[in-house]
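The structure appears right after this line, and notes come after that.
Ligands are counted one by one from 1 in listed order, and the atoms in each one are counted from 1 as well.
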Amino acid sequence: MPTVELSPTVKSFLDADKRLLIAGDWTDASSEALIDVVNPADGARISGISDAAQQDVDKAVAAARAAFESGPWPEMKPGERSRLIYKIADAMEARAEDLAQLETLDNGKPINFARSDVAASIGAIRYYAGWADKIHGSTHNVNMPGDFHVYTLKEPVGVVALVVPWNYPLVMAAMKLGPALASGCTSILKPAEDTSLSALLLGQIMLDAGLPEGVVNIVTGYGHTVGAALVNHPGIDKIAFTGSTMTGKTIAHAAADRLKKVSLELGGKSPNIIMPDADLEAAIPASALGIFFNSGQTCTAPSRLYVHEDIAEDVIAGVAEFGKNMKIAPGLDEESMLGPLVSAKQFERVSSYIDAGEKEGAEVRSGGKKHGDSGFFLEPTIIANTTNSMKVVKEEIFGPVLVTQTFKSEEEAIALANDSDYGLAGCVWTSDLGTGHRMARKIRAGVIGINTPMGADWDVPIGGYKQSGIGRENGRDGLELYLQTKSVFTSL
Ligand code: NAD
């Protein structure tokens, strides 16, 4: 088995104490308690991270506030800020394999996918480095009586809390750090308790690249303790959150108290509609990969398959076959296509959905069982003959589990697709682009794929309709989340 040999720098990183990054220094948390870092491929403890508390959050917010009020970062010439962000991206590239190995060890994902995640994260940082010196306001010819010179300024929103999930740990952190840095904000990053390692190494990389103290602070710990302390902290001006819809609602309440700015990238249950004229040779493997990739732990995963009744049997059999042929193996195996779920808890959660589907009368068409004796591996699973009233169709499972239904007409497919509390993504397979674009307009979701399960690019906004979120990340829209507009009137 071609297994990746851990680099000496990764080994020493795993053995070293993990502290909190506060004011440019690795700082001991107020408590000595550690949270075990577990390798989901075998359940073994590989390291420990600090279990931070309120006092640590207070220090991190104070450091970010000081860096924002009196540090060099917000006042720095934009070109200089841009160059420093590019330097961070270059430094990430120099440590790319270490970042990928840590991501695989921590999250479980196949090493080749972790390498792509690292490349994507570097891409996000570079993309926003390019924006840093292109932020500007506008001038206005106003209708007011008198003579005025009127312009707007774009200013950084201030101290931002960046709270991210465990499914794409580094990508999620980079997607938020990029615009936070480019806009001149200072921040406190709170990675998920299950996957904090790559964020901690990124912290060191940013320090080594010369990021001034306090511009990015990192606190680790549980969501209900350190996460809650952070989002409720009065010193926070904006919260940027990616995670589950349930936590997103709690965070929206926390933000409401002081009317903090808030952007939420939340869960999804995205429809994948296969029309009878679709190119099945393309649609079948892409639909399978769309849901099984990253063991189904992707917010935009096309997890509800609606397939025209004339082609349903072929499509479902094809997707099942593709799943069976995916190599399930620890992420450090270079040939692994499907790694474990992130944790024992997530494994139990996903498995309980499969049981619930059977109890509700759906049929487990393929997979559904634990794979192997150790670790949290689950077979790619298809639950067929579902209805939209079933729990497995309504709720986000966040595992390699596809639910399927058939439809008779385009109108019925759209109605089924839109009958959901979520609205993050959706896709349509058809050889008639007219049909594709017409349906794209009708699906109520933030990202639509026509003959592709999903698209993602740093320049293209992503975000949710309905309960899938508030705001759009990536591109200019993503940058705007970190800026405020000030209008200035001058009497001439
Ligand atoms: P989660 O909501 O449990 O946790 C996300 C983060 O929030 C973690 O860092 C966690 O520690 C923290 N947190 C938990 N409770 C908190 C609280 N009360 N206050 C402050 N912080 C708190 O989500 P998860 O299980 O880690 O991630 C999976 C979810 O993320 C899925 O629902 C998925 O769809 C979603 N997601 C969405 C997108 C998107 O772009 N829309 C992208 C990736 C993941």
Side-chain angles (χ1 to χ4, degrees), residues 35 49 51-52 54 57 106-107 109 117 120 124 161-176 188-196 198-199 218-233 236 239-255 257 260 262-270 291 293-303 341-343 345-347 349-350 353 395-399 420-425 445-447 454-456 460-474 477-478 481:
I35 299 174
I49 53 165
D51 185 6
Q54 177 78 50
V57 170
D106 211 1
N107 167 282
K109 64 179 67 198
D117 280 8
L162 313 176
V163 183
V164 298
W166 45 257
N167 57 342
Y168 291 88
L170 191 67
V171 175
M172 295 293 131
M175 254 168 102
K176 292 184 169 29
I188 301 99
L189 172 66
K190 210 301 270 172
E193 52 272 33
D194 284 323
T195 57
S196 294
S198 57
I218 303 177
V219 292
T220 55
Y222 294 106
H224 66 279
T225 55
V226 71
L230 184 59
V231 298
N232 283 293
H233 201 290
I236 296 293
I239 305 165
F241 172 75
T242 299
S244 61
T245 293
M246 207 169 67
T247 310
K249 290 179 184 178
T250 307
I251 286 181
H253 282 290
D257 196 30
K260 291 169 187 155
V262 62
S263 50
L264 303 170
E265 293 288 339
L266 307 178
K269 187 78 183 182
S270 301
I291 179 64
F293 182 78
N294 211 38
S295 294
Q297 304 165 125
T298 301
C299 54
T300 50
S303 51
L341 294 171
V342 72
S343 62
K345 187 172 142 207
Q346 185 65 5
F347 180 87
R349 191 174 167 270
V350 174
Y353 272 107
E395 296 180 15
E396 183 183 47
I397 299 177
F398 226 52
S420 171
D421 287 340
Y422 292 111
L424 189 56
V447 187
M454 64 182 111
V460 185
I462 177 170
Y465 281 39
K466 301 193 254 182
Q467 294 191 31
S468 288
I470 298 176
R472 294 291 178 272
E473 290 196 307
N474 292 346
D477 296 44
L481 297 175

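Residue, atom and distance of the protein heavy atom nearest to atom 41 (N) of ligand 1 are Leu266 O, 2.7 Å. In this structure, atom 39 (C) of ligand 1 lies nearest to the protein heavy atom Cys299 SG, 3.2 Å. The single protein non-hydrogen atom nearest to atom 7 (O) of ligand 1 is Phe241 CE1, 3.2 Å, given as residue, atom name and distance. Among all protein heavy atoms, the one lying closest to atom 28 (C) of ligand 1 is Phe398 CE2, 3.4 Å.
Checked by atom type and distance alone, the side chain of Lys466 never pairs as donor or acceptor with a backbone atom of Leu424 at under 3.5 Å. Of the possible donor and acceptor atoms, none in the side chain of Asp194 sits under 3.5 Å from a partner among the backbone N and O of Ser343.
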Derivation of the side-chain contact (heavy atoms from CB on, under 4.5 Å) call for Val342 and Thr195: CA-CA 9 Å; Val342 72; Thr195 57; 4.0 Å; yes
After noting the C-alpha distance and the side-chain angles of Glu396 and Tyr422, does the key distance pass the side chain to side chain donor-acceptor pair (under 3.5 Å) rule? CA-CA 9 Å; Glu396 183 183 47; Tyr422 292 111; 4.6 Å; no
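Close approach to Leu424 involves these atoms of ligand 1, each under 4.0 Å from a residue heavy atom: 41 (N). Using a 4.0 Å cut-off to heavy atoms of Gly227, the atoms of ligand 1 that qualify are 19 (N), 20 (C), 21 (N). Residue contact check: Glu193 has heavy atoms under 4.0 Å from atoms 10 (C), 11 (O) of ligand 1. Those atoms of ligand 1 that come under 4.0 Å of a heavy atom in Val163, given as number and element, are 6 (C), 7 (O), 9 (O), 12 (C), 21 (N). Remark: ligand 1 atoms within the under-4.0 Å shell around heavy atoms of Asn167 are 43 (C), 44 (C).
Rounding to the nearest 0.5 Å gives a distance of 12.0 Å between NZ of Lys269 and OG of Ser468.
Assignment of Gly464 to the shell around ligand 1 is not supported, since no heavy atom sits closer than 4.0 Å. Residue contact annotation: Tyr168 has no non-hydrogen atom under 4.0 Å from ligand 1. Residue Pro191 places a heavy atom less than 4.0 Å from ligand 1.
Comparing Gln346, Glu473, Glu396, Arg349 against atom 32 (O) of ligand 1, the shortest heavy-atom distance belongs to Glu396. Looking at Gly223, Gly243, Ala228, it is Gly243 that brings a heavy atom closest to atom 35 (C) of ligand 1. For the residues Thr247, Leu264, Thr242, Thr220, the heavy atom positioned nearest atom 5 (C) of ligand 1 is part of Thr242.
For atom 23 (O) of ligand 1, the nearest protein heavy atom lies closer than 4.0 Å.
Applying the side-chain hydrogen bond (donor to acceptor under 3.5 Å, both in side chains) criterion to Ser420, with sequence neighbours excluded, gives no partner residue. With sequence neighbours excluded, the residues satisfying side-chain hydrogen bond (donor to acceptor under 3.5 Å, both in side chains) with Asp117 are Lys109.
Under the 4.0 Å criterion applied to side-chain N and carboxylate O atoms, Lys176 and Glu473 are assigned as salt-bridge partners.
Residues Phe398 and Asn167 share a closest heavy-atom pair of CZ-ND2, 3.3 Å.
Only the backbone of Val164 comes within 4.0 Å of ligand 1, judged by heavy-atom distances.
The closest side-chain heavy-atom distance from Tyr168 to Gln297 is not below 4.5 Å. Side-chain contact between Ser244 and Leu266 is absent, with no heavy atoms from C-beta onward closer than 4.5 Å.
Side chains of Thr247 and Thr250: a donor-acceptor N/O pair is absent below 3.5 angstrom, by distance only.
Not a single N or O atom of Pro165, backbone or side chain, sits closer than 3.5 Å to an N or O atom of ligand 1. Residue-to-ligand polar distances place Trp166 within reach of ligand 1: an N/O pair is separated by less than 3.5 Å. Below 3.5 Å of separation, one finds an N or O of Lys190 facing an N or O of ligand 1.
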